[in-house]
Structures are given as structure tokens and as C-alpha cells.
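First up is the structure itself, then whatever we jot down about it.
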There are 2 protein chains.
Amino acid sequence: MQIDQFTNQLRQNGYRLTKPRQAVLQIMIESERALTPAEIYQEGSEHFRVGLVTIYRTLALLEQLGIVRQVHLHDGEHAYVLATPGHYHTLICNGCGRFVEIAGLAEMPHLIAEVEARTGFKVAEHRLELYGLCPSCQQQAIQRQHGASHDTT
Amino acid sequence: MQIDQFTNQLRQNGYRLTKPRQAVLQIMIESERALTPAEIYQEGSEHFRVGLVTIYRTLALLEQLGIVRQVHLHDGEHAYVLATPGHYHTLICNGCGRFVEIAGLAEMPHLIAEVEARTGFKVAEHRLELYGLCPSCQQQAIQRQHGASHDTT
DNA sequence: CCAATAAATGAAACTCTTTTTCATTTACGT
DNA sequence: ACGTAAATGAAAAAGAGTTTCATTTATTGG
């Protein structure tokens, strides 16, 4: 994943290329997971001085430019992922928070067509979020069952 | 929609049948829309003295009993709807905010099976939210195009 | 390279939703 | 009706996100 394409996009839209913006982009690019503003703030703070407000503002800007996408976590908190154009299907691991963008769900257009036919709605946009356990967290769940049957926490 | 089936469910699970609980149930039953705790609080306050905390606690209890379901609004706020067992698909009108619960999406199990096969995830739960315009708001949008072409707001 | 300046930042204060604490009230079996 | 545990309401606190404003910084032109 190239940071240059995103920094160019900023410049072309008349925005300045600042240290916080570069840092947020870099962190998002390197992340395997959806990150909350607080997590990005923590990560960024380890390398240079930055305010949480700036993280929020930067994420809002990047979302507006279509570079990142907001996802809703269970408690209503927001997290952000790099936007994969056209893919609004997210698979989120309840164990470790890792996410996968799912491409090419062939059934989706049929499903939407059926809903439109049945309800008369005109569907403009959809969000599909699937929650479950990733392969590695499934393993850990099994191991925990065996080794810690006395632990009732 | 009968309130008795829900009050019975409370009693059968060892919970007391209090005025706030009855009121929240009644408000949920009568509502055409997803309601936020604040909205339920406001509605309830018009009829008797109740604390917002109690609304939160009652909704948490009703959700745990499977009587209501939490939906995430765009700004991260939570709203609640009466649970339609097994239906976690919501169709929301961008125009008027009305929602429809969609039953029997036959494609969904296939879709989930495909995702599991492709990713190795075990999907426990899903949320499908479709956004668009309901028939009546589509009409209004068309009328606005005709009658107000000079209005650039 | 340096100065001017408009954009961007950080700190603090604030708003709003949700949770916790705890003393008071209420539902319900006896 | 009484006693008791459950439930409630008020207040305070916790947490996410936003607003304000003085300071800093990226960029443009000399």
C-alpha cells in the first residue's frame, strides 16, 4: 500500500501535507485492524507530539476524501479502516478486532433487488457487517475450554 | 401487539413488573420507529415520573430477554426496536427516518456460508442495514424536482 | 533562503450519551 | 399489612466526540 497516492490526493484537493496527516495515513496503512481514534492517537503519540483532536479532524478529512471508512463498533464507538472502493462488507473478529473486507458478494445485488421489489423502497446504499471469530481466535477459544475449566471469570 | 406476552416473560424470568418497565414496553409497542433512550425517556416523562437511568436499565434488560433489539445510528447513538426474532435486517429511509424490518432474506444464509468458506471465520452475528428512499419520499423527491427547480438549497 | 499568511494544530473547556453509586422507594410473597 | 430484596431516581462520574481560540507550521512569493 502506497502512502504517496494518498498524500497526492490531499495536495490535489488543496490540503496541506502535515506531520499528523502523514502519520495517521501511515498508521492506517500499516494496520491490520479497524482502529479507533484513541488507538491511532496512542500509536501516534509514541513517535511525536499530537493531539487527539487532530486525529479526529484528520479522520473526518480522510473519510470525506474517501480514503478511510468509518465502522460502528458494538458499543457505538467508531473505528476506521482504509476504504476499499465499492466494498462495504466488513467481517469483524469479536476476539481480536481484526477485520477483512469482503469483495464480490454475488448474492448482494439479488438480495437488494428482492427487497426493492417487496417494499417499494429504492435502496441507495447498504452496510453489511458480519461478526464472528477469526480462525486464530477460534483456536484460542478451544484451548481455553480445555485448559481453564476451573476459571469462571 | 400484546403487552401481556412481554410482561409474562419478565415475570417468568423472576423480574418484577414495575411501572417503568410496563411504560417502556408500551412505548416500544406503539412506536413506528426505532427510539433512542432519550426519546423513550421524554415520552415516558409526560405520563409519570421516571429517571433516564431506569430507561437505560430497562432497555438493557429487555434486550437481554430478547424483547428489544439495539440498532446503531449513524452518529454512534443507540436506538431500540421491538425484536422480530431472527430478523436483523433493517431498511431505513434517508428521507423520513422510517424503518422496516425485513423478514425471510433467503440469500443471507448462503451469503454467510460463502464468506465462512472463503475466510475461515465463524460468523456468529450479522447486521445488514439498507439505506434508501421509501415510496412516499421518492414521490416527494420527484415533486420537488418539478416545483422547485429554482431552489438551490 | 526568508518572510508573510492562511491553514492546521493542541490545549482546555464543553456537550452529550451512557454508567456507577447509593440512599430511597416499591413490588410481591408471606 | 409487613418485611425484604429488587428496582428506582438523583447525582456524580466516565468517555467519546466537538468547539473555541491562541499558537504553530506548511506553503507561496520575493
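First the proteins, then the strands, lettered A, B, ... as listed; each starts at 1. The structure presented is a predicted model; accordingly, all values stated were derived computationally and were not measured.
Between C/dA8, D/dA11, D/dA16, one nucleotide has an atom nearer to the side chain of A/Arg21 than all others, and that is C/dA8. Minimum atom distance to the side chain of A/Thr18 is reached by C/dT9, of the listed D/dA16, C/dT9, C/dT20. Distance from the side chain of B/Arg11 is smallest to C/dG29 among D/dA10, D/dT19, C/dG29.
Protein atom CG of A/Leu61 is 17 Å distant from nucleotide atom P of D/dG17, rounded to whole Å. Atom CD in A/Gln22 sits about 20 Å away from atom P in C/dA7, given to the nearest Å. One atom, CZ of B/Arg49, and another, P of C/dT24, lie 13 Å apart when rounded to the nearest Å. To the nearest angstrom, P of C/dT17 lies 14 Å from CG of B/Leu59. At whole-Å resolution of the value, CG in B/Leu17 and C1' in D/dA5 are 17 Å apart. Distance OH (B/Tyr15) to P (C/dG29): 16 Å, rounded to an integer number of Å. One atom, CG of A/Leu52, and another, P of D/dT19, lie 14 Å apart when rounded to the nearest Å. Going from atom CD1 of B/Ile55 over to atom C1' of C/dT17 covers 14 Å, rounded to whole Å.
Hydrophobic clustering of Ile, Leu, Val, Met, Phe, Trp and Tyr side chains at less than 4.5 Å, counting indirect connections, keeps A/Phe48 apart from A/Val53.
For B/Arg16 and C/dG29, a side-chain-to-base donor-acceptor distance below 3.5 Å is absent, hydrogens and geometry of angles not being considered. The base of D/dG17 does not come close enough to the side chain of A/Arg57 for any donor and acceptor atom to sit less than 3.5 Å apart.
A side chain to side chain contact (heavy atoms under 4.5 Å, CB included) with A/Met28 holds for exactly one of A/Leu82, A/Ile67, A/Ile3, A/Thr58; it is A/Leu82.
Comparing B/His78 and B/Lys19 by the nucleotide of DNA chain C that holds the closest heavy atom to each, the one mapping nearer the 5' end is B/His78.
Put simply, the side chain of A/Thr119 gets close to the backbone of A/Val115: a donor and an acceptor are under 3.5 Å apart.
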